[in-house]
Asker: 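The structure follows.
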There are 2 protein chains.
Amino acid sequence: MTQTLIEPRRASPEAVVDVTRVAVSTVIFSLRRDPGTDRLAVVVPLVMRTRDPHEGQWALPGGWLDATESLDAAASRTLAETTAIAPSYLEQLYAFGAVDRSPTRVVSIVYWALVRPDEIPAAPVENVSWHDVAELPRLAFDHNHIVEYALWRLRNKVGYSRIAHGLLADEFTLAELREVYESILGRRLDPANFRRQAENSGTLIPTDRFRTGSHRPARFYRYNQDVELADRGPLASERTPENESSTS
Amino acid sequence: MTQTLIEPRRASPEAVVDVTRVAVSTVIFSLRRDPGTDRLAVVVPLVMRTRDPHEGQWALPGGWLDATESLDAAASRTLAETTAIAPSYLEQLYAFGAVDRSPTRVVSIVYWALVRPDEIPAAPVENVSWHDVAELPRLAFDHNHIVEYALWRLRNKVGYSRIAHGLLADEFTLAELREVYESILGRRLDPANFRRQAENSGTLIPTDRFRTGSHRPARFYRYNQDVELADRGPLASERTPENESSTS
DNA sequence: TCAAAAGTGTTTTGAATACACCCATGC
DNA sequence: GCATGGGTGTATTCAAAACACTTTTGA
């Protein structure tokens, strides 16, 4: 089901030189526990390109914008075709349009998304593999640059919104939530202070269940679904049903 | 020199139904003192459309993306053609691509810019007029929505960056700077606290000159040019010479 | 001398931080 | 019991805010 960038049909070959095509790509973030270090790593799915340009290189999942679908819809479709899952968060990142970013003129509307690790299908998808963002290979086009920018946005936004929740299952302990923040920000957080901030945010609902382990049980929390993952301003009303996540 | 949205030449008429065209528009913010209330108002230049669709309605300045120019370059060109001035700040806002936002399929890459009032040419440009964003008429396409979103971004960004400086001349008093903030945020700020924040920001350089008026003279300040107007992350390196402002 | 804006000082509040310490469980 | 993470209490630091007060000018 993976759709890579191939030439769409066009009216006449002569038009090529003058035509700017619109592509949509998505940087899909998720988390994976490294079996070796036992630490959470931020990972993104990449697609192996099977044709030129950049055949044999890893690239962001994406495809051409259909004339009959909105940008958001195109991002959702792309994402579903690649990973077969609905993201818990999806937001437009940036439009990249340097003239020389591709052999032919392509403007890419790039989205970024968050996916809960438990929603990633166990069965691997052909030509797709998840990569630690800290150890990315050289990607096709300007995709290294794009991932770098998406990471910057993720790290910024995690500081003033609750998007980290988009990477967690419905119920989670405060230690698990803290670990998400730590893996994204790349530094340790004080458990006591983190707990207070989380509790005072008004977005967490304590449950009656506890995670039992080898030590004192930790309370499970849920999210207050009334609170948006992030303030998107006047854009929030633009959301279409296909972008609504399983959060709701 | 005002360029409005007209049909670009295309290879063959049959291609129309399948072609998605890319336009670039810019929300250009500036400030104007209302002669009546003597208060600063946030204003944007609008262009009267002289042909369908939406003939006779005001619209954001914009034009089609040339196949040989980057998105940033297209925004700069558009802006220069409309206002004949270089903005002190220019940043991509959002890509709008709803299917029904125009009779034909158009994806608009929208930028937002800041312009110093003293850089606006006194001679009016044909079909262009500046409007108070608080009293906008019904605009063409989804441009009301776009301006609303741009305003939201401006108000957000003014809180954690020094972009307000992009609306002021080289030298200014703290009262003038404070008035810019007040007009953007729509609320009064404490002069004493504002002064302290401004002085501690490390971005202001006091001069030896003073604004004399009917009362105690106020010191002029300049900006520390070493500090960027806003942290644009990894995107900062993307800036091309044509986007560099007169700030540098 | 007075009005008005420039500029300083002081107090309070609240959030972020650091860190000491108690609690509850499996082993 | 004791190791280990869960969870609480508290002191410190820092910035934002509120507001009283002094300074300097033109009229």
Side-chain angles (χ1 to χ4, degrees), chain A residues 33 37-40 155-162 164 168-169 171-222 227 231, chain B residues 33 37-40 155-162 164 168-169 171-222 227 231:
Chain A
R33 191 170 301 282
T37 65
D38 204 51
R39 292 170 55 86
L40 273 189
R155 293 194 172 116
N156 266 317
K157 206 142 191 170
V158 85
Y160 61 84
S161 73
R162 19 172 261 135
L168 277 179
E171 299 201 337
F172 50 88
T173 67
L174 288 182
E176 288 164 356
L177 179 60
R178 175 166 49 84
E179 198 181 8
V180 171
Y181 276 81
E182 289 177 338
S183 64
I184 292 175
L185 297 176
R187 60 188 171 91
R188 311 292 277 177
L189 301 174
D190 183 291
N193 296 332
F194 183 84
R195 165 179 299 273
R196 257 184 297 263
Q197 285 181 11
E199 284 172 342
N200 293 339
S201 70
T203 62
L204 291 186
I205 300 172
T207 71
D208 292 335
R209 287 214 281 288
F210 291 81
R211 159 140 299 160
T212 59
S214 59
H215 306 298
R216 174 173 176 175
R219 184 181 294 276
F220 275 118
Y221 287 79
R222 287 187 300 106
V227 186
D231 182 7
Chain B
R33 190 169 302 280
T37 65
D38 203 51
R39 292 170 55 87
L40 273 189
R155 292 192 173 118
N156 264 316
K157 205 142 193 171
V158 86
Y160 60 85
S161 72
R162 20 171 263 136
L168 278 179
E171 299 202 338
F172 50 88
T173 67
L174 288 183
E176 288 164 355
L177 179 60
R178 175 166 50 84
E179 199 182 9
V180 171
Y181 276 81
E182 289 177 339
S183 64
I184 291 174
L185 297 176
R187 60 189 171 89
R188 311 291 278 177
L189 301 174
D190 183 289
N193 295 332
F194 183 85
R195 166 180 298 275
R196 257 183 296 265
Q197 285 181 10
E199 283 173 340
N200 294 337
S201 69
T203 62
L204 292 185
I205 300 172
T207 71
D208 292 335
R209 287 213 281 288
F210 291 82
R211 160 139 299 161
T212 60
S214 59
H215 307 297
R216 174 174 175 175
R219 185 181 293 275
F220 275 119
Y221 287 80
R222 287 188 299 106
V227 186
D231 182 7

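Letters go in sequence order (proteins before strands), and every chain restarts at 1.
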Asker: Mind running a 4.0 Å heavy-atom check of residues 183-198 of chain B against DNA chain C and sending the residues that fall below it, in number order?
Answerer: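 When residues 183-198 of chain B is checked for heavy atoms under 4.0 Å from DNA chain C, the hits, listed by number, are B:Ala192, B:Arg195, B:Arg196.
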Asker: So, for B:Leu177 and B:Phe194, which heavy atoms are closest and what is the spacing to 0.1 Å?
Answerer: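 Minimum heavy-atom separation between B:Leu177 and B:Phe194: CG-CZ, 3.7 Å.
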Asker: Could you tabulate the donor-acceptor pairs under 3.5 Å formed by side-chain atoms of residues 195-205 of chain A, not counting sequence neighbours?
Answerer:
from: A:Arg196; atom 1: NH2; to: A:Asn193; atom 2: OD1; distance (Å): 3.1
from: A:Asn200; atom 1: ND2; to: A:Arg196; atom 2: O; distance (Å): 3.3
from: A:Ser201; atom 1: OG; to: A:Ala198; atom 2: O; distance (Å): 2.7
from: A:Ser201; atom 1: OG; to: A:Thr203; atom 2: N; distance (Å): 3.3
from: A:Ser201; atom 1: OG; to: A:Thr203; atom 2: OG1; distance (Å): 2.8

Asker: What are the bounds, 5' to 3', of the part of DNA chain C that sits under 4.0 Å from heavy atoms of chain A?
Answerer: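 From 5' to 3', the first and last contacting nucleotides are C:dA16 to C:dG26.
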Asker: So do B:Tyr160 and B:Asp231 actually touch side chain to side chain, heavy atoms under 4.5 Å?
Answerer: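 The answer is no; the side chains never approach within 4.5 Å.
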Asker: Is the side chain of B:Arg155 donor-acceptor paired with the backbone N or O of B:Ile184 at a distance under 3.5 Å, no angle test?
Answerer: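 A pair under 3.5 Å: yes.
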Asker: For atom CZ of B:Arg33, decide whether the heavy atoms of other residues, nucleotides or ligands shown that lie under 6.0 angstrom number more than 12.
Answerer: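 Counting neighbours around CZ of B:Arg33, more than 12 heavy atoms of other residues, nucleotides or ligands fall under 6.0 Å, so yes.
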Asker: Restricting to non-hydrogen atoms, name the atom on A:Leu189 and the atom on A:Arg187 that form the minimum distance, rounded to 0.1 Å.
Answerer: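 Heavy atoms only, the tightest pair is CD2-NH1, 3.5 Å.
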Asker: Give me the first and last nucleotide of DNA chain D, going 5' to 3', that has any atom under 4.0 Å from a heavy atom of chain B.
Answerer: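 Answer, 5' to 3': D:dA16 to D:dG26.
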Asker: If you measure from CD on A:Glu182 to CZ on A:Arg188, what distance do you get to the nearest 0.5 Å?
Answerer: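 Rounded to the nearest 0.5 Å, the CD-CZ separation comes out at 4.5 Å.
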Asker: For B:Pro217 and A:His215, find the nucleotide of DNA chain D closest to each by heavy atoms; which residue's nucleotide sits nearer the 5' end?
Answerer: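 Nearer the 5' end of the strand: A:His215.
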Asker: Using five pairs at each end of the helix from C:dT1-D:dA27 to C:dC27-D:dG1 to define an axis, what is the angle between those two axes, to 10°?
Answerer: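 Computed from the C1' atoms at both ends, the axes differ by 10°.
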Asker: If I take atom CZ from residue B:Arg178 and atom CG from residue B:Asp190, how far apart are they, to the nearest 0.5 angstrom?
Answerer: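 It comes to 8.0 Å.
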Asker: Taking all heavy atoms of A:Tyr181 and all of A:Ala164, pick out the closest pair and write down the distance.
Answerer: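 For A:Tyr181 and A:Ala164, the tightest heavy-atom pair comes out as CE1-CB, 3.4 Å.
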Asker: Using atom types as modelled and distance alone, determine if a side-chain donor or acceptor of A:Ser183 lies under 3.5 Å from a backbone N or O of A:Val180.
Answerer: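 Yes, the answer is positive, given that a donor and an acceptor are paired below the 3.5 Å cut-off.
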Asker: Which residues satisfy the side chain to side chain contact (heavy atoms under 4.5 Å, CB included) test with A:Pro217, sequence neighbours excluded?
Answerer: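 Here the qualifying residues are A:Phe210.
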